[in-house]
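Along the sequence shown, residues are numbered consecutively beginning with 1.
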Amino acid sequence: MRKLLSILLPLALALGGCAALESREEGPRRYEATFLELFDTVTTVIGYAESEEEFTAVVEEIRAELTVYHQLYDIYNDYEGVVNLKTVNDHAGETVAVDGRIIDLLLLAKEFYAATGGKVNAAMGSVLTLWHEAREDSIADPQNAYLPDGEAIQAALAHTDFDQVVIDVENGTVCLLDPEMRLDVGALAKGYAAEQAARAVDGNYLISVGGNVRAAGPRADGTAWTVGVENPDGGDYVETLRIKTEAVVTSGDYQRYYTVDGVRYHHIIDPATGYPGDLYRAVTVVGPDSGEADGLSTALFLMSEEEGRALLETFGAQALWIYADGTVSYTEGMASYFSP
């Protein structure tokens with residue numbers, strides 16, 4: 001295993017207290033900022049600027065951009081003047097006029113639903129809600145940790161056909177034909193938002209939204225950023241990757257989980273069973289688009305490596321799999337990103 005050459009994430013610096021990470025007599029300096037309020041996760045921005053004020057201004061633009069996506073894709077909260085995915089869920093069975101950025105994400109979700117044979121399914125909200133509630137309750141009260149009711153899971157699975165989601169691009173509307181269906185775009189939203197934020201940045205920045213990493217250009221000197229592939233059991237990094245404009249996204253069983261009777265249950269639910277997938281500990285994807293890499297990491301986590309390799313070719317991406325016994329496998333193209 002290789003150790004991370006340049007520790008990037010996270011350093012827990014508050015946005016209001018941005019700090020220079022490198023000292024230079026001439027040229028831009030390297031800064032980092034972190035904020036916590038979006039997508040229920042940590043967002044980190046690292047970049048180069050001539051001054052802290054310049055860097056802070058860019059970070060504020062990134063945060064403002066991400067805030068819009070956070071509110072639009074939120075399925076738990078309402079926001080004044082915002083029609084979001086919670087609105088769509090609350091009006092299941094009705095036609096709802098939505099922002100074009102919701103349309104765009106749902107079109108990506110539709111593409112992934114078809115390309116993955118349903119392994120990435122944004123219509124799994126009714127099932128995922130059962131797991132979300134059980135996880136939250138169990139983390140708050142570990143002594144009474146519980147699993148969602150099996151019959152309730154099977155009943156919810158009957159309302160997860162994404163083909164029942166009508167997306168009218170011309171009129172800008174969405175309709176869930178099944179009144180008991182609920183959307184949940186967790187497999188795509190953070191990566192998609194990170195991609196849009198990176199495209200809006202002019203400069204040398206690295207953006208991480210809950211570990212969905214997207215490089216918006218190389219470091220100031222033209223060299224690559226270094227990103228570590230975590231060992232699910234802790235300790236040394238499994239690999240370190242060097243990227244300049246690519247995205248790196250990992251799906252793993254060690255990120256969001258809880259324990260019932262000594263068994264760990266993570267948040268990546270297989271639409272075929274309604275229960276967490278158990279083929280791997282983690283899958284890391286490198287690709288040109290953060291939204292696609294986000295969807296791919298989820299899909300690959302829930303399918304055989306052979307199926308995953310075929311899917312990667314469709315999207316021009318690379319991957320690394322970590323199996324339960326610690327065995328690591330990766331595509332030939334993935335090796336080109338490994339640090340020497």
(Q) As a quick check of understanding, evaluate side chain to side chain contact (heavy atoms under 4.5 Å, CB included) for Val45 and Val58, giving each step before the final call. (A) CA-CA 10 Å; Val45 180; Val58 172; 5.9 Å; no
Q.
Test ring pair (Phe, Tyr, Trp, His ring centres under 6.0 Å) on Tyr265 and Tyr275; report intermediate values, then the result.
A. CA-CA 9 Å; Tyr265 294 87; Tyr275 287 84; 7.8 Å; no
Q: Take Val98 and Ile103, measure what side chain to side chain contact (heavy atoms under 4.5 Å, CB included) needs, and give me the verdict at the end.
A: CA-CA 7 Å; Val98 298; Ile103 295 288; 3.7 Å; yes
Q.
Could you go through Val213 and Leu206, starting from their C-alpha distance and side-chain angles, then the distance that decides it, and tell me whether this counts as side chain to side chain contact (heavy atoms under 4.5 Å, CB included)?
A. CA-CA 7 Å; Val213 179; Leu206 190 76; 3.7 Å; yes
Q: Step by step, work out the side chain to side chain contact (heavy atoms under 4.5 Å, CB included) result for Leu241 and Leu320.
A: CA-CA 11 Å; Leu241 309 175; Leu320 178 151; 5.8 Å; no
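Summarising the geometry, atom CD1 belonging to Ile167 is positioned 11.0 Å from atom CD1 belonging to Ile102; distances are rounded to the nearest 0.5 Å. For the atom pair CD (Glu239) and CD1 (Ile322), the distance works out to 9.5 Å, reported to the nearest 0.5 Å. Rounded to the nearest 0.5 angstrom, Met124 CE and Lys119 NZ are separated by 10.0 Å. The line from CG of Asn121 to CD1 of Ile269 is 12.5 Å long, rounded to the nearest 0.5 Å. In this structure, the separation between CG on Asp184 and CG on Leu128 is 4.5 Å, given to the nearest 0.5 Å. Note that CG of Asn212 and OG of Ser251 are 8.0 Å apart. Values are rounded to the nearest 0.5 Å.
With 3.5 Å as the limit, one finds a donor-acceptor pair spanning the side chains of Tyr323 and Glu305. In summary, the side chains of Thr56 and Glu53 do not present any donor paired with an acceptor at a separation below 3.5 Å, with no hydrogens or angles considered. For the 3.5 Å distance criterion, the side chains of Thr87 and Asn84 qualify, holding a donor opposite an acceptor.
Residues Arg135 and His267 have side chains in contact (heavy-atom distance under 4.5 Å, counting atoms from C-beta outward). Using a 4.5 Å cut-off on side-chain heavy atoms (C-beta onward), Thr43 and Thr34 make no contact. Using a 4.5 Å heavy-atom cutoff, the side chains of Leu302 and Ile268 are in contact. With contacts defined as side-chain heavy-atom distances shorter than 4.5 Å, the pair Met181/Gln164 qualifies. Between Val96 and Thr173, the closest side-chain pair of non-hydrogen atoms is not below 4.5 Å. Counting heavy atoms from C-beta outward, Leu157 and Ile153 have side chains that approach closer than 4.5 Å. Looking only at side-chain heavy atoms (C-beta outward), Arg309 and Glu313 stay at 4.5 Å or farther from each other. At least one side-chain heavy atom of Leu147 sits less than 4.5 Å from a side-chain heavy atom of Tyr258.
Using a 4.0 Å cut-off between charged nitrogen and carboxylate oxygen, Arg63 and Glu60 count as a salt-bridge pair. Here Arg264 does not pair with Asp278 in a salt bridge; the nearest charged N to carboxylate O distance is not below 4.0 Å. Here Asp74 does not pair with Lys86 in a salt bridge; the nearest charged N to carboxylate O distance is not below 4.0 Å.
Between Tyr76 and His132, the gap from one ring centroid to the other is short of 6.0 Å.
When each of Thr41, Thr44, Leu38 is tested with Val209 by the rule side-chain contact (heavy atoms from CB on, under 4.5 Å), just one qualifies, namely Thr41.
The side chain to side chain donor-acceptor pair (under 3.5 Å) check on Asp261 picks up nothing, with sequence neighbours excluded. Judged as a side chain to side chain donor-acceptor pair (under 3.5 Å), and not counting sequence neighbours, the contacts of Thr284 are Thr250. When the ring-ring contact (aromatic ring centres under 6.0 Å, His included) test is applied to Tyr73, the partners found at least two apart in sequence or on another chain are Tyr69. Annotation: side chain to side chain donor-acceptor pair (under 3.5 Å) contacts of Gln71 (sequence neighbours excluded): none.
Few gaps surround CG on Asn171; more than 12 heavy atoms of other groups in view lie less than 6.0 Å from it. Residue Tyr254 qualifies as enclosed at atom OH: its count of foreign heavy atoms under 6.0 Å is above 12. Counted within 6.0 Å of CD on Glu151, heavy atoms from surrounding residues, nucleotides or ligands total 12 or fewer; the atom is thus considered open.
Ring orientation note: the planes of Tyr280 and Phe301 are nearly perpendicular, at an angle over 60° on the 30°/60° scale. Under the 30°/60° scheme for interplanar angles, the aromatic rings of Tyr113 and Phe162 are found to be tilted. Relative ring orientation between Tyr48 and Trp225 is described as tilted, the plane-to-plane angle lying within the 30° to 60° band.
Between the side chain of Trp131 and the backbone N or O of Gly274 there is at least one donor-acceptor pair closer than 3.5 Å. Side chain of Asn89 to main chain of Arg182: no donor-acceptor pair is present (N/O by atom type, distance under 3.5 Å, no hydrogens or angles). Side chain of Asn231 to main chain of Asp233: a donor-acceptor pair is present (N/O by atom type, distance under 3.5 Å, no hydrogens or angles). The closest donor-acceptor contact from the side chain of Asn204 to the backbone of Gly217 lies at 3.5 Å or more, if one exists at all. Under the 3.5 Å distance criterion, the side-chain polar atoms of Glu246 are matched with a main-chain donor or acceptor of Lys244. Using a distance-only test at 3.5 Å, with no hydrogens or angles considered, a donor-acceptor pair links the side chain of Ser126 to the main chain of Ala156. With Ser138 contributing its side chain and Pro142 its backbone, the two residues share no donor-acceptor pair below 3.5 Å. With Thr223 contributing its side chain and Arg219 its backbone, the two residues share no donor-acceptor pair below 3.5 Å. Side-chain atoms of Tyr31 come within 3.5 Å of backbone atoms of Glu52 as a donor-acceptor pair (strictly under, hydrogens ignored). Within the 3.5 Å criterion, the main-chain N or O of Ala319 finds a donor-acceptor partner in the side chain of Thr331.
Linking Ile, Leu, Val, Met, Phe, Trp and Tyr whenever their side-chain heavy atoms come within less than 4.5 Å leaves Tyr257 and Val42 in two separate clusters. Transitive grouping of hydrophobic side chains (ILVMFWY, heavy atoms separated by less than 4.5 Å) keeps Leu85 and Val166 in distinct clusters. At a threshold of 4.5 Å between side-chain heavy atoms, the hydrophobic network of Ile, Leu, Val, Met, Phe, Trp and Tyr places Val174 and Val169 in one connected group. No single ILVMFWY cluster, assembled from side-chain heavy atoms under 4.5 Å apart, contains both Leu177 and Leu106. Linking Ile, Leu, Val, Met, Phe, Trp and Tyr whenever their side-chain heavy atoms come within less than 4.5 Å puts Val285 and Ile207 in one cluster.
When every heavy atom of Ala115 is checked against every heavy atom of Leu311, the shortest pair comes out as O-CD1, 3.6 Å.
Figure legend: cation-pi geometry between Arg242 and Tyr337 absent, as NZ or CZ is not positioned both under 6.0 Å from the six-membered ring centre and within 45° of its axis.
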In a table with atom names and distances, give each donor-acceptor pair under 3.5 Å that connects a side chain of residues 185-192 to protein atoms at least two apart or in another chain.
none

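Within the structure, the salt bridge (charged side-chain N to carboxylate O under 4.0 Å, His left out) test picks out no pair touching residues 155-173 (sequence neighbours left out).
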